[in-house]
Protein chains: 2
Amino acid sequence: MNLATTIHMLQGRGFRMTTVRRFLLQTFKDTKAPLSANDLIGILKKAHLECNRTTVYRELTFLVEQTLLRAVDFGDGAKRYELAGGEHHHHFICSNCKAVSDVNLKNDLEQQERILEKILGATIESHSLEFFGICKNCGTK
Amino acid sequence: MNLATTIHMLQGRGFRMTTVRRFLLQTFKDTKAPLSANDLIGILKKAHLECNRTTVYRELTFLVEQTLLRAVDFGDGAKRYELAGGEHHHHFICSNCKAVSDVNLKNDLEQQERILEKILGATIESHSLEFFGICKNCGTK
DNA sequence: GTACGTGCAAACAGTTTGCATCATG
DNA sequence: CATGATGCAAACTGTTTGCACGTAC
């Protein structure tokens, strides 16, 4: 979604496009890896666009509610976020340097989910799949 | 692994089998779902075997180091643990009642991992796959 | 009697909340 | 000028650490 469309959508729902909000969305657009609140606070600081961490947390919650972001969890205690709307994918995280690569699995887990739903009698809404290991860079050193 | 073998293994490494340690291992053996430090503190309390939460955290770290437990992450901010050594499996977590079911996928992700390793030039050591949704119980209410 | 095990207090990281204030459509 | 956005302080949760004391091989 481009910026103008996003602004229009938010205004339609009674919300505003603030400097921080615009900057955060742009940052997510420019960054491939999922970002934590801490990451963003650092990026904001570097851009001399300092704002309170409370604002960052609130902004992240807000953008998830507006389905502009989605939460991603690498199990290291910090919540991470990435732009929603892109192709569904998974991640490979280097245990050493923490670099993140997007992973597009050939076989679809969707099919597995349908089978699981039958077995469990449940409704599966989402799944989270991350791979951990040593990336090319760290492995060849 | 049975208790006697575990005790022998630990003693061989210079460690002891304490009351809390034995109780925790037994609890994990008796429980199907992964348990958090908080869960365990509650269970200990009910068993009138109260001990400091620091001990619980240290015990969990220790048991993971000794490869008797493995960590599991549901992305809700609390680390969970389950007995290691069992068959590799995944989980289905009900978003409503938080009940956990073990999931044994038919197709192996191992094969996917080999392909991924080639693509990324990386070494994949592990993956984490959890499904989220509404369980049978909660769905039919 | 030398490690291991434990308890307690304190620190720590990540996050949330209440309240007052600011500022934009 | 009403409501959304922000800042600040404080609380809160999950977890870790330092230190002293206890205790089992």
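Computed from a predicted model, the values in this text were never measured in an experiment. Residue numbering restarts at 1 for every chain, and letters A, B, ... go by the order of the sequence lines.
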Report task. Identify whether any heavy atom of B:T54 sits under 4.0 Å from a base atom; if not, whether one sits that close to sugar-phosphate; answer base, sugar-phosphate or nothing. Result ->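 Base, at least one base heavy atom under 4.0 Å.
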Using whole Å, what does the distance between atom [atom2] of nucleotide [N] and atom [atom1] of [X] come to?
X: B:Y81; N: D:dG14; atom1: OH; atom2: C1'; result: 10 Å
X: B:R80; N: D:dG14; atom1: CZ; atom2: C1'; result: 12 Å
X: A:I7; N: D:dG4; atom1: CD1; atom2: P; result: 18 Å
X: A:L10; N: C:dG25; atom1: CG; atom2: P; result: 12 Å
X: A:Y57; N: D:dA9; atom1: OH; atom2: C1'; result: 16 Å
X: A:D76; N: C:dC12; atom1: CG; atom2: P; result: 20 Å
X: A:L60; N: C:dT15; atom1: CG; atom2: P; result: 9 Å
X: B:R16; N: C:dC4; atom1: CZ; atom2: C1'; result: 4 Å

Nearest to the side chain of [X], which nucleotide is it out of [options]?
X: B:E59; options: D:dT6, C:dT6, D:dT17; value: C:dT6
X: B:T55; options: C:dT16, C:dA9, C:dT6; value: C:dT6
X: A:F15; options: D:dG4, D:dT6, C:dC8; value: D:dG4

How about [X] and [Y]: does a side-chain donor come under 3.5 Å of a side-chain acceptor?
X: A:Q66; Y: A:R13; answer: yes
X: A:S36; Y: A:D39; answer: yes
X: A:D30; Y: A:T27; answer: no

Report summary line: What residues 21-53 of chain A contributes to the DNA chain C interface at heavy-atom separation below 4.0 Å is A:A37, A:N38, A:R53
Requested in this report: Identify, with sequence neighbours excluded, every residue that meets side-chain hydrogen bond (donor to acceptor under 3.5 Å, both in side chains) alongside A:E130.
Outcome: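 Partners of A:E130 by the side-chain hydrogen bond (donor to acceptor under 3.5 Å, both in side chains) criterion, ordered by chain and then number, come out as A:H91.
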**Report entry** Phosphate-side-chain proximity, A:K79 and C:dT16, N/O vs OP1/OP2 below 4.0 Å
**Finding:**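 Yes, A:K79 has a side-chain N/O under 4.0 Å of OP1/OP2 on C:dT16.
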Report task. For C:dT6, take OP1 and OP2 only and decide whether either is under 4.0 Å from a side-chain N or O of B:T18. Result ->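 Answer yes for this pair, as a side-chain N or O of B:T18 is under 4.0 Å from OP1 or OP2.
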Query raised in the report: So, for A:F74 and A:F132, is the gap between ring centers shorter than 6.0 Å?
Result: no
Query raised in the report: Do A:H127 and A:H88 come close enough that some side-chain heavy atom pair is under 4.5 Å?
Result: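 Yes - at least one pair of side-chain heavy atoms lies under 4.5 Å apart.
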Report task. Select from B:R58 and B:Q11 the residue whose nearest nucleotide in DNA chain D is closer to the 5' end of that strand. Result -> B:R58
Query raised in the report: Would you find a donor on one side and an acceptor on the other, under 3.5 Å apart, between the side chain of B:E50 and the backbone of B:K45?
Result: no
